[in-house]
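Okay, structure first, notes after.
Atoms within a ligand are numbered from 1 in the order they appear, just like the ligands themselves. All values below come from the heavy atoms of this structure, side chains included, with hydrogens, waters and symmetry mates left out.
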Amino acid sequence: LVRGEGVWVYTADGERLLDVYNNVPHVGHAHAAVVEAIARQARLIASNTRYLDERIIEYVERLTATFPPDLDACLFVNSGSEANDIAWRIAKSHTGHGGTLVMQFAYHGITDAVTALSPAISTVDAPHVAQLAAPAQSADAASTARAARTASADLTARASQAEQAEVDTATAIDRLKARGFGLAALMIDSALTSTGIYDPPPSWVAPIASAVRNLGALIIADEVQFGLGRSGTDFWGFKHRGYHPDIVTLGKPVGNGYPMGVVVTRRAILEKFQRDTGFFSTFGGNPVAGAAGLAVLDVLERERLMENARTTGDYFIAKLRELAPKHAAIKDVRGRGLMIGVEVTDRVLTKQLVNDLRDRGVLIGSEGPRGNVLKLRPPMPFRPEHADAVVDALAKALSAAGS
Ligand SMILES: Cc1ncc(COP(=O)(O)O)c(C=O)c1O
């Protein structure tokens, strides 16, 4: 790829591909307002963060205004992995414990500490990490309820989701205890992306959050995937999911391609961490990062991209659900806003579909412990006509695969 524009990317030989994979260019590839803000600031001063700069102060004020009032302080780094690494260090020093809960097949980044919290890539089962089951059982129950289309079936499905989560959390905490670890934190990607892209109701997370709270442990919301309006209904995924975190971590989309990571938490927590560690990141929160972050917030607001994620996401999901009965290989269509998972029969078919779609000019990804969930996560300016193009290409790819 040599160039990007909006939801499109271009190859060296001029082929145009629809980017339905990428949440880094959140407000669109090469958005002129972001590019200009970065260039303008780079022409003025690009330094390390030993020098104060108004840009980053303004960004902190704008960013924290989008959070619940107690989450009022930021620390800046350069990636989602670094943000999660710091969040994990804070949780351990705040609680004096070393155990953590993560979701099944979660992914939180690449540092040594955070890899251990990422069953999606970790090759060893770290004793201080216990996994919570994906709401898969309950998603099945929810789709059964949807099929039954009765309010009481829906209520039963929700109740069983909550019960499953409660039992599962208690078991995981006991497992940590048996290995000698008290609980420091729950780290959770609000979109449950690598876990398989689920959209359980707040009643699913409520018993998990309260078990964590009862032990005085911290909740770390990893918003690298779902943040900045991707759910379409809420600016932050944790709000959509229905829980209140102590620490929020941001990455990929915040700088629209400019490398940025942010840890948002309560001022008292951050001040203690600073006192204890004298934390300093050379590039984290540099003036160019501040300019990029501000421009992204401006564009999101000006172009009403969260609203677009809701309306286009609803349209996209409805179209995919219309397609499902025509292809036996589609097992489920789920997600919210512009974070959509299409579960298909198996990993082999998933790979075949991803590659076939690429040949038809559409880039998508795959997720889930069984590698059988098509991941549709485009830049936010994705419109209904783009959704139509994807559904059309997917229908042809499924037919070509005999599915
Ligand atoms: C949920 C989640 N958290 C953290 C990360 C790590 O971010 P980065 O690759 O910017 O370090 C990722 C990257 O894919 C992610 O998906």
Is E166 atom CD crowded by more than 12 heavy atoms from other residues, nucleotides or ligands, each under 6.0 Å away?
no

Near Y258 OH, under 6.0 Å, is it more than 12 heavy atoms from other residues, nucleotides or ligands?
yes

Which protein residues have a heavy atom closer than 4.0 Å to any atom of ligand 1, listed by chain and number?
S79, G80, S81, N84, Y107, H108, G109, D189, D222, V224, Q225, K252

With a 4.5 Å heavy-atom cut-off, do R383 and N308 have their side chains touching?
yes

Tested for salt bridge (Lys or Arg N to Asp or Glu O under 4.0 Å) against R241, the lone hit among D234, D199, D222 is D199

Please evaluate residues Q225 and N23 with respect to the criterion side chain to side chain donor-acceptor pair (under 3.5 Å), reporting the C-alpha separation (whole Å), side-chain torsions for both, the decisive distance (0.1 Å), and the verdict.
CA-CA 7 Å; Q225 293 284 345; N23 67 335; 3.2 Å; yes

H386 vs F382 aromatic rings, parallel, tilted or perpendicular, using cut-offs 30° and 60°?
tilted

